[in-house]
Asks: 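Can you keep this structure in mind? I'll have questions shortly.
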Amino acid sequence: MTTNTVTPEKTGARTDEAATLIGGARERIDALDDRIIGLIQERMAVSAVIQEARISSGGRRVNLTREMEVLGHYRDALGKPGTALAMTMLELCRGRI
């Protein structure tokens, strides 16, 4: 049986107490990251449906007006780094069909 011991060396903490706290917080971050990845994958699938409907109706693959709305939403919520995050997300969601 292996135990998942959190040590100061693994976390950069100076005490066992801080290492334990950091270890628990990192586990929570890993779980959040898994959820975020799942949500982005779900968004990619929904985006593909939209693109397919737009293209088959004679429209363009990308709606730049909508993308600007998304960029503004992320910027307003998260500041300038939110814009970069939204750009990456939009890039992931484009051209999958």
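Hydrogens, waters and symmetry mates play no part in the numbers below; they use all other heavy atoms, side chains included. Starting from 1, each residue takes its place in the sequence as its number. Computed from a prediction, not measured in an experiment: that's the story for all the values here.
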Asks: How long is the span from the CG atom in Leu92 to the CE atom in Met87, to the nearest 0.5 Å?
Replies: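 Interatomic distance, Leu92 CG to Met87 CE, rounded to 0.5 Å: 11.5 Å.
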
Asks: Which distance, rounded to the nearest 0.5 Å, do you find between the CG of Asp76 and the OG1 of Thr83?
Replies: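 Rounded to the nearest 0.5 Å, the CG-OG1 separation comes out at 8.5 Å.
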
Asks: Does the side chain of Ser56 pick up a donor-acceptor pair with the side chain of Glu52 at under 3.5 Å?
Replies: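 Not at all, the side chains of Ser56 and Glu52 share no donor-acceptor pair under 3.5 Å.
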
Asks: For residues 35-44, please give each side-chain donor-acceptor pair under 3.5 Å, one per line with the distance, not counting sequence neighbours.
Replies:
none

Asks: Is Leu78 reachable from Leu90 through a run of hydrophobic residues whose side-chain heavy atoms are each under 4.5 Å from the next?
Replies: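 Both belong to a single hydrophobic cluster.
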
Asks: Which donor-acceptor pairs under 3.5 Å do the side chains of residues 64-75 make with protein atoms, sequence neighbours left out?
Replies:
{"from": "Arg66", "atom 1": "NH1", "to": "Glu69", "atom 2": "OE1", "distance (Å)": "3.3"}
{"from": "Glu67", "atom 1": "OE1", "to": "Arg94", "atom 2": "NE", "distance (Å)": "3.4"}
{"from": "Glu67", "atom 1": "OE1", "to": "Arg94", "atom 2": "NH2", "distance (Å)": "2.8"}
{"from": "Glu67", "atom 1": "OE2", "to": "Arg94", "atom 2": "NE", "distance (Å)": "2.9"}

Asks: Could you list the residues that satisfy side chain to side chain contact (heavy atoms under 4.5 Å, CB included) with Thr11, not counting sequence neighbours?
Replies: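 Expected list: Val6, Ala13, Ala19, Ile22, Arg26.
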
